[in-house]
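Remarks on the structure that follows.
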Number of protein chains: 2
Amino acid sequence: MQETLDDAAAVDDALSLPDHIASRIRTMAIKGELSPGQRLSEVRLAGDLGVSRNTLREAFRLLTRERLVHHQPNRGVFVAVPTMAAILDIYRVRRMIEVPALARAWHRHEAVSTMRACVVSSQAARDRHDWQGVGSANMGFHSAIVALADSPRLNGFYRQVAAELRLAFGLLDDPEQLHEPFIAQNAAILAAIDRGDCEAAAGILAVYLDHSERTVLTAFARIEHGAGPAPGL
Amino acid sequence: MQETLDDAAAVDDALSLPDHIASRIRTMAIKGELSPGQRLSEVRLAGDLGVSRNTLREAFRLLTRERLVHHQPNRGVFVAVPTMAAILDIYRVRRMIEVPALARAWHRHEAVSTMRACVVSSQAARDRHDWQGVGSANMGFHSAIVALADSPRLNGFYRQVAAELRLAFGLLDDPEQLHEPFIAQNAAILAAIDRGDCEAAAGILAVYLDHSERTVLTAFARIEHGAGPAPGL
DNA sequence: GTCCCCCGCATTGTTCAACAAAAAATATTT
DNA sequence: AAATATTTTTTGTTGAACAATGCGGGGGAC
């Protein structure tokens with residue numbers, strides 16, 4: 001929310017400037033302020049963000065590696081356009097990571113309290129019709145599931161993939177259809193964990209992922225065929 | 001100042017210069033030309049590689065994200081020092097990715113021929129006592145296993161993790177102990193795939209990973225306690 | 001009118017020089 | 001010798017500069 005103040009805004013001391021800039025661009029992309037396929041001019045964006053071209057280029061390299069942005073040599077960088085293949089791949093990865101993490105979880109892991117907090121926060125966000133907030137809380141819930149595995153590398157990888165998925169979400173029109181039905185399921189997963197039945201929790205999660213994937217894919221197919229099938233690239 | 005540009009497919013026109021520089025540093029780290037914990041001076045390395053500081057910094061950002069290098073703000077970047085925790089995490093990730101990929105493989109996937117080529121190449125390398133080559137072929141074999149899953153994201157993630165593991169390998173003294181016993185097992189995995197028995201292949205792989213992990217961990221423990229644990233970092 | 005080539009223009013790719021800020025190293029004082 | 005002040009080195013970031021590449025437009029040729 002405070003991103004409108006450019007320079008004097010809250011500066012993350014821990015993060016270096018290029019990381020911070022990358023983070024801002026990531027947020028813009030997730031919030032839908034950048035349309036997929038759009039070209040990101042170096043001079044323009046550098047000016048808008050108040051940094052030099054070199055710094056912006058470092059941020060671009062990060063985002064390219066995260067697949068949030070696509071780099072064509074000597075042509076520039078473009079906001080990634082989500083594909084059906086990408087969505088399928090992302091859900092495959094999610095299944096491969098989340099389900100075993102939940103199935104083999106220790107039911108008193110600290111991440112469980114994060115999960116609980118996310119469930120509460122998603123319900124609150126729903127009550128005030130803040131669908132963006134519901135989405136964030138939902139994503140936080142699933143990040144916490146991955147955190148159950150105690151693997152820094154898996155956590156980092158999942159964060160990337162989740163960001164890419166949220167970019168795809170931005171294309172869809174009705175965000176409530178997307179996340180609302182899953183709040184209850186998240187609570188059910190949490191309840192299963194609480195009573196120590198990780199297998200049941202993993203089962204619910206698997207169903208959740210199937211359901212979510214189908215929802216996203218159908219919505220996406222509707223967009224792809226209905227609305228403009230996008231500029232050539 | 002183009003010094004020896006021969007080693008292993010040096011010039012990649014498709015890649016941008018920072019990517020290329022990152023790749024060279026990565027190769028140096030894997031080959032053991034960079035010792036873990038060593039500080040990488042920007043001016044010095046930029047001069048050695050014949051690029052500007054800015055370009056080198058872009059490469060550093062890539063490598064930092066890959067965990068091959070560690071960045072301390074206002075202090076510089078250091079070659080990552082492998083930890084026991086890191087090795088444990090890497091093998092956990094490998095198990096999570098490789099075993100399902102193999103178990104659910106289609107036995108006529110194009111990656112199978114890559115696997116075959118790697119087996120042949122590793123045997124040839126062993127015959128000429130080229131342990132570096134054996135290591136490369138072995139890693140190629142396992143990358144091909146991951147490729148069976150047809151997931152670009154998984155492939156990319158695995159490539160990172162594999163590079164990190166090879167950095168850890170560089171610390172160990174006797175490379176033949178590391179890879180030699182596994183050439184035969186790779187061949188066995190391939191044979192199982194060829195006769196369509198993916199479950200058996202996955203079983204051999206799981207045993208392989210346990211065995212490999214134990215070997216690396218014990219060698220690593222010997223190093224850590226025996227040789228100087230030295231740099232306080 | 002359509003096609004093609006050539007030329008100018010905008011953008012990216014890369015380097016260099018400069019300076020602020022932080023850390024490390026050194027000298028100075030007590 | 002310890003603590004502090006000062007110098008030096010290194011990183012962090014910027015701005016300008018220039019080559020190289022891609023894009024679009026205009027002018028001929030048919």
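Numbers restart at 1 for each chain; the letters A, B, ... are given by sequence-line order, proteins then strands.
- In this structure, A/Arg44 places its CZ atom 11 Å from P of C/dT11, rounding to the nearest Å.
- Distance CG/A/Asn138 to CH2/A/Trp131: 12.0 Å, rounded to 0.5 Å.
- Atom CZ of A/Arg53 and atom C1' of C/dA10 are 11 Å apart (whole Å).
- Phosphate proximity of D/dG12 to A/His20: absent, as no side-chain N or O sits under 4.0 Å from OP1 or OP2.
- Comment: B/Glu213 does not engage B/Arg94 in a salt bridge, judged by the lack of any side-chain N to carboxylate O separation of less than 4.0 angstrom.
- Across the protein-nucleic acid pair, A/Glu42 atom CD and C/dT14 atom C1' stand 11 Å apart, rounded to whole Å.
- Whole-Å rounding puts the A/Asn54 CG to D/dA16 C1' distance at 11 Å.
- Picking from C/dT14, D/dT11, D/dT13 the nucleotide with the shortest atom distance to the side chain of A/Leu17 gives D/dT13.
- Rounded to an integer number of Å, the gap from A/Leu56 CG to D/dG15 P is 13 Å.
- Expressed to the nearest 0.5 Å, how far CD of B/Glu98 lies from OG of B/Ser143 amounts to 8.0 Å.
- Atom pair B/Ile21:CD1 and C/dT14:C1' shows a separation of 12 Å (rounding to whole Å applied).
- Following rounding to the nearest Å, A/Phe78 (CZ) and C/dT12 (P) show an atom-to-atom distance of 9 Å.
- B/Arg39 comes within 4.0 angstrom of the backbone, heavy atoms only, and of no base.
- The nearest heavy atom of DNA chain D to A/Thr55 and to A/Asn74 marks one nucleotide each, and the one closer to the 5' end goes with A/Thr55.
- On a pure distance criterion of 3.5 Å, no polar donor-acceptor pair joins the side chain of A/Arg75 and the base of C/dG13.
- Under the 30°/60° scheme for interplanar angles, the aromatic rings of A/Phe169 and A/His179 are found to stand perpendicular.
- Although no hydrogens or angles enter the test, the distance criterion places a donor-acceptor pair under 3.5 Å between the side chain of A/Thr27 and the main chain of A/Ser23.
- In this entry the distance linking CZ of B/Arg57 with C1' of D/dT11 reads 6 Å, nearest Å.
- In this structure, A/Ser52 and B/Val43 both approach DNA chain D, and ranking their closest nucleotides by distance from the 5' end singles out B/Val43.
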